[in-house]
Amino acid sequence: MRIARYENAQTVAPAPSAAPVTRRRAAKGATRAGAADDTARERPTTAGADGGAGDIARTLMRWYDENARDLPWRRPDASPWSVLVSEVMLQQTQVSRVEPAWKRWMERWPTPAHLAADPPGEAIRAWDRLGYPRRALRLHACAAAIVERHDGVVPDDVEALLALPGIGIYTARAVAAFAFRQRHPVVDTNVRRVVARSVAGTADGGANTTPADLRAVEVLLPEDHEEAARASIAFMELGALICTSRAPRCPECPLADVCAWRRAGFPPSDSAKRTQQYHGTDRYVRGLLMAVLRASDDPVPAERLDAVWPDADQRRRALAGLLTDGLVNQRHDTYTLPG
DNA sequence: GACTCGTGGTG
DNA sequence: TCACCAAGAGT
């Protein structure tokens with residue numbers, strides 16, 4: 001795990017303190033020595049005293065059993081295709097926004113062959129406002145590749161998955177682990193953060209998954225494949241629910257007793273946050289153009305696209321980019337989603 | 001490795 | 001309010 005840089009104190013979550021409810025209990029008076037920190041009582045389990053790697057995974061799995069969200073793509077009857085779709089939708093998009101879109105998507109296109117049989121523009125339209133519509137286009141291309149290369153069956157090995165459009169280092173491993181219950185380190189931003197804090201003692205992980213990250217997580221996984229798959233999703237769930245980027249709930253964390261970041265006094269991160277404005281950017285104008293095209297069943301005249309944004313130069317850049325990306329087709333002076 | 005690519009939730 | 005940030009991938 002790459003050692004994190006330090007960010008300015010402003011963006012760092014305050015070192016977690018006892019919640020009011022724990023204060024009340026403390027006021028009643030804990031007499032046992034060492035019981036003053038009754039935040040420990042709120043933790044369902046604690047990691048083993050030796051702090052071994054296996055203990056972290058097992059502690060996390062026990063915590064996961066009690067605290068995991070009931071998400072449809074995690075259910076035992078979820079198909080590999082449905083898991084793959086969920087993973088692509090979840091790339092940079094919150095669970096709360098993905099869930100309804102995923103349900104509609106799976107009802108309409110229950111297999112790769114169903115999706116591949118429809119034009120890519122329909123995938124882009126159904127993607128609606130999930131963001132990054134190139135993901136929809138790649139997911140459609142992914143379905144077509146699965147049909148062509150794998151007889152419509154989602155492949156179960158990482159290398160074959162990695163070769164599919166829109167499937168990168170994270171998603172390939174996530175599908176192999178969660179859909180096929182294989183033993184692979186699955187490293188996303190949540191896992192990088194959990195391991196950076198609990199093991200390395202730094203506030204956050206790196207921006208991308210490195211081979212070193214994969215090795216650091218691999219040694220934490222149980223040997224058993226099914227248990228490794230459960231541990232992997234438990235790491236992610238802890239990062240999503242407890243060990244969050246902004247306001248971690250350390251008093252509720254099952255790893256609090258072994259957390260290196262906590263032991264070190266919650267040293268801040270110095271990772272430079274890049275100021276990202278959205279409104280008025282080329283990306284924003286792309287979004288405006290795509291919204292018009294998604295909403296129309298007929299070819300859209302250029303004048304209608306011209307109306308979405310006053311800056312003609314910016315409009316032209318955005319539209320050119322969309323054409324280059326294959327998200328938009330041009331016919332004479334009209335535009336459509338790709339057919 | 002830095003940069004691009006949407007949209008909305010949140011503290 | 002507003003800056004951060006959310007299960008990354010591709011170039």
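- With respect to the salt-bridge test (charged N to carboxylate O, under 4.0 angstrom), the residues A/Arg183 and A/Glu218 qualify.
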- Message: One pair to check against side chain to side chain contact (heavy atoms under 4.5 Å, CB included): A/Phe178 and A/Val186. What are the steps and the verdict?
- Response: CA-CA 9 Å; A/Phe178 304 148; A/Val186 181; 4.1 Å; yes
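- Of the two residues contacting DNA chain C, namely A/Gly166 and A/Met236, the nearest-nucleotide position lying further toward the 5' end is that of A/Met236.
- Under the side-chain contact (heavy atoms from CB on, under 4.5 Å) test applied with A/Leu238, the options A/Ile233, A/Thr244, A/Leu60 reduce to a single match, A/Leu60.
- Using a 4.0 Å heavy-atom distance criterion, A/Leu71 is classed as a base contact.
- One C1' atom belongs to B/dG9, the other to C/dA9, and the distance between them is 23 Å to the nearest Å.
- Each of B/dT7, B/dG9, B/dC5 was ranked by its minimum atom distance to the side chain of A/Tyr132; first place goes to B/dC5.
- Contacts with DNA chain B (heavy atom under 4.0 Å) in residues 278-301 of chain A: A/Tyr278, A/Arg283, A/Arg286, A/Gly287, A/Arg294, listed by number.
- Using a cutoff of 4.0 Å between basic side-chain nitrogens and carboxylate oxygens, A/Arg74 and A/Glu237 are scored as salt-bridged.
- Of the possible polar contacts, one joining the A/Trp102 side chain to the A/Ser82 backbone as a donor-acceptor pair under 3.5 Å is found.
- Comparing atom distances between the A/Gln91 side chain and each of B/dT7, C/dA7, C/dG8 picks out C/dG8 as nearest.
- Counting to the nearest Å, the P atom of B/dG6 and the CG atom of A/Leu322 are 7 Å from each other.
- Taking atom C1' in both B/dG6 and C/dC5, the straight-line distance is 13 Å, to the nearest Å.
- Between A/Arg129 and the phosphate of B/dG8, there is a side-chain N or O to OP1/OP2 separation shorter than 4.0 Å.
- The CD-C1' distance, from A/Glu99 to C/dA7, rounds to 14 Å in whole Å.
- If you check C/dC5, B/dG6, B/dG8 against the side chain of A/Gln94, the one that comes closest is B/dG8.
- Comparing the C1' positions of C/dT1 and B/dG8 gives a spacing of 16 Å, expressed to the nearest Å.
- Rounding to whole angstrom units, CG of residue A/Asp325 and P of C/dA9 are separated by 17 Å.
- Of the candidate nucleotides C/dA7, B/dT10, C/dG8, C/dA7 has the atom lying nearest to any side-chain atom of A/Val95.
- Remark: A/Ser96 is not in phosphate contact with B/dG9, judged by side-chain N or O atoms under 4.0 Å from OP1 or OP2.
- Salt-bridge annotation for A/Glu122 and A/Arg125: present, with a side-chain N of the basic residue lying under 4.0 Å from a carboxylate O of the acidic one.
- Of the candidate nucleotides C/dG8, B/dG6, C/dA3, C/dA3 has the atom lying nearest to any side-chain atom of A/Arg246.
- Following rounding to the nearest Å, A/Arg97 (CZ) and C/dA7 (C1') show an atom-to-atom distance of 14 Å.
- When heavy atoms are screened at a 4.0 angstrom cut-off, A/Thr189 is found touching the sugar-phosphate backbone but no base atom.
- Salt bridge absent: A/Glu66 and A/Arg62 never bring a charged side-chain N and a carboxylate O closer than 4.0 Å.
- Rounded to an integer number of Å, the gap from A/Asp213 CG to C/dA7 P is 16 Å.
- Between B/dC5 and C/dA6, the distance separating the two C1' atoms is 14 Å to the nearest Å.
- Between A/Tyr284 and A/Trp309, the angle of the ring planes goes over 60°, which puts this pair in the perpendicular group of the 30/60° scheme.
- Here A/Arg286 pairs with A/Asp325 in a salt bridge; the nearest charged N to carboxylate O distance falls below 4.0 Å.
- Rounded to whole Å, the C1' atom of B/dG1 lies 15 Å from the corresponding atom of C/dG8.
- The main-chain N or O of A/Leu214 is never found under 3.5 Å from a side-chain atom of A/Arg173 such that the two would form a donor-acceptor pair.
- Counting non-hydrogen atoms under 4.0 angstrom, A/Arg69 reaches a base of the nucleic acid.
- Within 4.0 Å (heavy atoms only), A/Trp127 reaches no atom of the nucleic acid at all.
- The CG-C1' distance, from A/Asp188 to C/dA6, rounds to 10 Å in whole Å.
- Note: CD (A/Gln92) to C1' (C/dA9) measures 9 Å, nearest angstrom.
- A heavy atom closer than 4.0 Å to some atom of DNA chain C occurs in A/Gly168, A/Ile169, A/Tyr170, A/Thr171, these being the qualifying members of residues 168-177 of chain A.
- For the pair A/Leu162 CG and C/dG8 P, the computed distance is 16 Å after rounding to whole Å.
- Look at A/Arg192 and A/Asp204 and you find no salt bridge, because none of the NZ, NE, NH1 or NH2 atoms lies under 4.0 Å from a carboxylate O.
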